[in-house]
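Order of the sequence lines fixes the chain letters, A, B, ..., with proteins taken first and strands second; residue numbering starts at 1 for each chain.
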Amino acid sequence: MKVYGTVRRIPMGKVATYGQIARLAGKPGAARMVGWAMSSSSPRNPVPWHRVVGAGGRIIISKALTYSEMQRQLLQREGVQFRGDRVRMDEFQWKAGLEPKSSRKKKLSKR
DNA sequence: ATACTGACACGGG
DNA sequence: CCCCGTGCCAGTA
């Protein structure tokens with residue numbers, strides 16, 4: 001699954017959103033797949049799932065509060081700073097060769 | 001095969 | 001700010 005590969009490419013000290021990863025994986029809009037992929041095989045895969053956050057940098061995982069806190073700890077340990085309950089996307093969002101959300105959807109209209 | 005669910009995103013109220 | 005509906009893909013009953 002490309003999702004795993006994409007997540008593994010997230011550099012340390014950076015984070016990416018589910019939607020962003022879905023796009024990089026070639027499935028724009030399929031943000032749910034990313035979450036599904038993680039929860040499905042995260043514990044048995046060397047995937048830095050903690051670097052994946054919801055839109056706006058907010059930690060999603062609500063089913064297991066333990067994990068949400070753990071994710072935050074791991075991120076902070078890598079140097080990622082938070083602003084309230086969210087990651088400072090303005091500084092720590094992984095741009096992966098893409099541009100900021102300013103002109104993102106243009107790549108979708110490739111033809 | 002269909003129906004429901006799920007670590008989501010985005011627009012509208 | 002919160003809540004609701006819809007689109008998306010894959011897995012499970």
> Check whether the side chain of Y18(A) and the base of dA7(B) form a donor-acceptor pair under 3.5 Å.
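A donor-acceptor contact between them is present.
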> Going by side-chain contact (heavy atoms from CB on, under 4.5 Å), name the residues that satisfy it together with A55(A), two or more places apart in sequence or in a different chain.
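Counting only residues at least two positions away or on another chain, A55(A) forms no side-chain contact (heavy atoms from CB on, under 4.5 Å).
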> Can you give one letter per nucleotide of nucleotides 1-8 of chain C, going 5' to 3': B for a protein heavy atom under 4.0 Å from the base, S for sugar-phosphate only, - for none?
------BB
> Whole angstroms only, please: what is the CZ-C1' distance between R23(A) and dC8(B)?
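It is 12 Å, rounded to the nearest whole Å.
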> How many Å lie between CH2 on W49(A) and P on dC8(B), as a whole number?
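So the CH2-P distance, W49(A) to dC8(B), works out to 13 Å.
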> In whole Å, I'd like the distance from the NE2 atom of H50(A) to the C1' atom of dA7(B).
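To the nearest whole Å, that distance equals 14 Å.
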> More 5' along DNA chain B: W36(A) or R58(A), using each one's nearest nucleotide?
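Closest to the 5' end, via its nearest nucleotide, is W36(A).
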> Whole-Å distance between dC8(B) P and I59(A) CD1?
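Rounded to the whole Å, the gap is 13 Å.
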> E78(A): which residues meet the salt bridge (Lys or Arg N to Asp or Glu O under 4.0 Å) condition with it, sequence neighbours left out?
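In terms of salt bridge (Lys or Arg N to Asp or Glu O under 4.0 Å), with neighbours along the sequence ignored, E78(A) is linked to R51(A).
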> Measure the distance from OH on Y4(A) to C1' on dA7(B) and round it to the nearest whole Å.
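Rounding to the nearest Å, OH of Y4(A) and C1' of dA7(B) are 12 Å apart.
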> Applying the 4.5 Å side-chain criterion to the ILVMFWY set and letting contacts propagate, would Y67(A) and I10(A) be lumped into a single cluster?
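In one cluster with Y67(A): I10(A), yes.
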> The criterion is side-chain contact (heavy atoms from CB on, under 4.5 Å); which residues satisfy it with R72(A), sequence neighbours excluded?
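side-chain contact (heavy atoms from CB on, under 4.5 Å) list for R72(A), sorted by chain: I59(A), Q76(A), F82(A), D85(A).
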> Name all pairs fulfilling the side-chain hydrogen bond (donor to acceptor under 3.5 Å, both in side chains) condition that reach into residues 1-11 of chain A, sequence neighbours left out, sorted by first residue then second.
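Output for this query lists Y4(A)-S41(A).
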> Apply side-chain contact (heavy atoms from CB on, under 4.5 Å) to M89(A) and list each qualifying residue two or more places apart in sequence or on a separate chain.
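With sequence neighbours excluded, M89(A) shows a side-chain contact (heavy atoms from CB on, under 4.5 Å) to V15(A), T17(A), V53(A), V87(A), Q93(A), given in chain and number order.
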> Can you tell me the distance, in whole Å, between the CD1 atom of I60(A) and the P atom of dG6(B)?
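Computing the I60(A):CD1 to dG6(B):P distance gives 15 Å.
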> Can you measure L24(A) atom CG to dA9(B) atom C1' for me and round it to whole angstrom units?
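L24(A) atom CG is separated from dA9(B) atom C1' by 15 Å.
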